[in-house]
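The structure appears right after this line, and notes come after that.
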Amino acid sequence: VVGRSIAAALRGDGPLLGPPVPIPPTTVPRDEEASVVQVEPGDDLVELLATIGPGSTVEFAAGTYDLDVAILVEVDMTFSGAGIDDTVISSSAEGVAVAFVGPGGFTVEDMTIEHTGDLDASVLLAIQGPLDLTRTELRGGSVSAESDGGGHGLVLAYDPIPGFPERTAEERAGAVTIRESQFVGNQAAGLLMTGDASPTISNSVVEGNGGCGICFTSTSGGTVEASTVTGNQIGVQITGDATPRVVDSAVENNTAVGISADGDATIDVTYTRFVANAYVGVQATGAVGLTVVQSTFAEHDVGVLIAGTSTGSITNNAFEIHEVGVQAGAEASVEVRGNTIRGSAAAGINFADDSTGVVADNELTDAPEVAIQVIGAGTPEISGNTISTEGNVGISTLDDATPSISDNEIRDRLVGVQ
């Protein structure tokens, strides 16, 4: 019942058969004092967790803990394993493998939690409370074709979930910290943030998840730093009013887009490497506010794409080997300044539709067709750029475009300005 209720809640269906039962019925009262409890494979974790006091630590010996029911953590608690490769909680339960419902905080360290089997389930659900994951792997979140929920590695559920207790601001207070951890092979998201969840994710790997590696929704935020996001469908997906930062990380080999932002989201990207994401390195649509600074892009169809009514600042980055380095469309307003753009097969910088902004102080080389192109009714100001190496056109304007062009240096092109 617990697992099915969680699955229904995550789908937005509300609680199943009334509010979820927190624990199986027991006549043993919960301890009032914290303790340190050592467990081994085969021990009854469900019964244990129903009785130990707030602030307790459960030390898991090496081995695999096979479970077919969801584990609920209802008080402040620490799970401590023997090592990320040595201690494995392996669950086939429906809905979720482990759910922290609080109050208090939950710490998980030095272990792997996995879901196995075909039932719809996420791996770890944390509801409105402090969380610390250190050297932890979450894998195997499963979702069927008929389901529209579940399948995530970690869900930070900071939107109210029907049937679960609401927490006060004091009960929710505290950091969400994820360090040296791995989110691998989940069929939906590696990590899903809802509500105003705001984690710090550092020195972690998010790999091979079937949807987004990291998903920020609603008003969530936080920081992804010194981490690798690779082999997912979308590396980082930002929707709603979310406001995350991505710093000093690698976003590589995702099968669609490195970072995708939509809605009214705001996204800051600094010192981050984007390589061989199938179509676009960073994409902003809707009314996104995008800042990309001192990052590197290589081997995409488009390095950075900004459309809708989005605004962007693309400054002091390096672009190498794209069809188009930077592309603006629709009614976007973009500043493209101080970048080096090399090896753009179609265009180094392209403004289309009604887009506008500033293209200044960029260095463009090895653009065999067009270095800077403005088409449609684009109106950017183009100044102070250096365009060199052999190629067809330095700056091209087409259709009803009316850019302002001044003080550019153009060398070795068949046509300087067309």
* To do: Let me see the working for N385 and V359 under side chain to side chain contact (heavy atoms under 4.5 Å, CB included), right down to the final yes or no.
  => CA-CA 8 Å; N385 301 284; V359 179; 3.9 Å; yes
* **Set of residues satisfying salt bridge (Lys or Arg N to Asp or Glu O under 4.0 Å) with respect to R135, sequence neighbours excluded** => D110
* Structure fact -> Taken to the nearest 0.5 Å, the spacing of M111 CE from T134 OG1 works out to 12.0 Å
* Under 3.5 Å side-chain donor-acceptor pair for N317 and T315 -> no
* Polar side-chain atom of T356 near backbone of T379 as donor-acceptor pair, under 3.5 Å -> yes
* Asked: S202 side chain to A226 main-chain N or O, any donor-acceptor pair under 3.5 Å?
  -> no
* Could you give all pairs that pass the salt bridge (Lys or Arg N to Asp or Glu O under 4.0 Å) test and reach residues 311-325, with sequence neighbours left out? -> E320-R342
* CZ of F183 to CZ of R139: how many Å apart, nearest 0.5 Å? -> 13.0 Å
* Asked: Have R273 and T296 got a donor and an acceptor in their side chains that come within less than 3.5 Å?
  -> no
* Are the side chain of S310 and the backbone N or O of G308 linked by a donor-acceptor pair below 3.5 Å? -> no
* Close side-chain approach of P199 and L156, heavy atoms under 4.5 Å -> yes
* Residue Q294 excluded, over 12 heavy atoms near CD under 6.0 Å -> yes
* Taking atom types as modelled and ignoring hydrogens, do the side chains of Q373 and N350 form a donor-acceptor contact shorter than 3.5 angstrom? -> yes
* Structure fact -> Per side chain to side chain contact (heavy atoms under 4.5 Å, CB included), V236 is matched among N254, V224, I259, V257 by I259
* Asked: Name the one of V370, T389, I349 that satisfies side chain to side chain contact (heavy atoms under 4.5 Å, CB included) with L364?
  -> I349
* Strictly by modelled atom types, are S90 and E114 linked by a side-chain donor-acceptor pair under 3.5 Å? -> yes
* Asked: Hey, does the side chain of S227 reach the backbone of N203 with a donor-acceptor pair shorter than 3.5 angstrom?
  -> yes
* Asked: With a 4.5 Å heavy-atom cut-off, do V88 and E137 have their side chains touching?
  -> no
* Just by distance, with hydrogens left out, do D262 and T285 show a side-chain donor and acceptor under 3.5 Å apart? -> yes
* To do: Might you work through the side chain to side chain contact (heavy atoms under 4.5 Å, CB included) test for F79 and T107, ending with a clear yes or no?
  => CA-CA 6 Å; F79 282 10; T107 296; over 6 Å; no
* Inter-residue atom distance E180.CD - S204.OG, 0.5 Å rounding -> 7.5 Å
* How long is the gap from CZ on F216 to CD1 on I267, to the nearest 0.5 Å? -> 7.5 Å
* Can you tell me if H115 uses its side chain to pair, donor with acceptor, with the backbone of A93 under 3.5 Å? -> yes
* Smallest separation among heavy atoms of D76 and G105, with atom names -> OD2-N, 2.9 Å
* Looking only at heavy atoms, which two atoms of T194 and S220 are closest? And how far apart? -> O-CB, 4.5 Å
* Asked: Is there a side-chain contact between V229 and I214, using heavy atoms and a 4.5 Å cut-off?
  -> yes
* To do: Using atom types as modelled and distance alone, determine if a side-chain donor or acceptor of S181 lies under 3.5 Å from a backbone N or O of I178.
  => no
* Under 3.5 Å: donor-acceptor pair, side chain of N316, backbone of N339 -> no
* Structure fact -> Heavy-atom closest pair (T64 atom, P41 atom, distance to 0.1 Å) is O-CB, 3.5 Å
* Structure fact -> Per side chain to side chain contact (heavy atoms under 4.5 Å, CB included), L124 is matched among L133, T136, V96, I89 by L133
* **Main-chain N/O of G151 paired to D120 side chain as donor or acceptor, under 3.5 Å** => no
* Asked: Are any non-hydrogen side-chain atoms of I372 and I382 less than 4.5 angstrom apart?
  -> yes
* To do: Any chance you could measure Q283, atom CD, to Q327, atom CD, to the nearest 0.5 Å?
  => 10.0 Å
* Asked: Taking it one step at a time, do I306 and V304 satisfy side chain to side chain contact (heavy atoms under 4.5 Å, CB included)?
  -> CA-CA 7 Å; I306 306 180; V304 175; 4.0 Å; yes
* **Close side-chain approach of F351 and V326, heavy atoms under 4.5 Å** => no
* Hey, is CG on D44 packed in by over 12 heavy atoms from elsewhere, all under 6.0 Å? -> yes
* Asked: Can you tell if the side chain of N408 reaches within under 4.5 Å of the side chain of I387, non-hydrogen atoms only?
  -> no
* Structure fact -> To the nearest 0.5 Å, atom CD1 of I113 lies from atom CG of L154 at 9.5 Å
* Asked: Would you say the side chains of H152 and N186 form a donor-acceptor pair under 3.5 Å?
  -> no
* **Nearest heavy atoms of A34 and S56, plus distance in Å** => CA-OG, 3.5 Å
* To do: Using modelled atom types only, decide if a donor and an acceptor are shared between the side chain of R30 and the backbone of L49 within a distance under 3.5 Å.
  => yes
* Parallel, tilted or perpendicular for F60 and Y65, by the 30°/60° rule? -> perpendicular
* Sub-4.5 Å side-chain heavy-atom contact between V206 and L191 -> yes
* What is the minimum heavy-atom distance between S355 and P380, and which atoms define it? -> O-CD, 4.3 Å
* Asked: Which atom pair, heavy atoms only, marks the closest approach of T57 to S80?
  -> CG2-CB, 4.4 Å
* Going through the distances and angles, do L305 and Y279 end up as a side chain to side chain contact (heavy atoms under 4.5 Å, CB included)? -> CA-CA 10 Å; L305 169 64; Y279 303 113; over 6 Å; no
* For the side chain of H300 and the backbone of N277, is there at least one donor-acceptor N/O pair under 3.5 Å apart? -> yes
* **Side-chain heavy atoms of R337 within contact of V358, under 4.5 Å** => yes
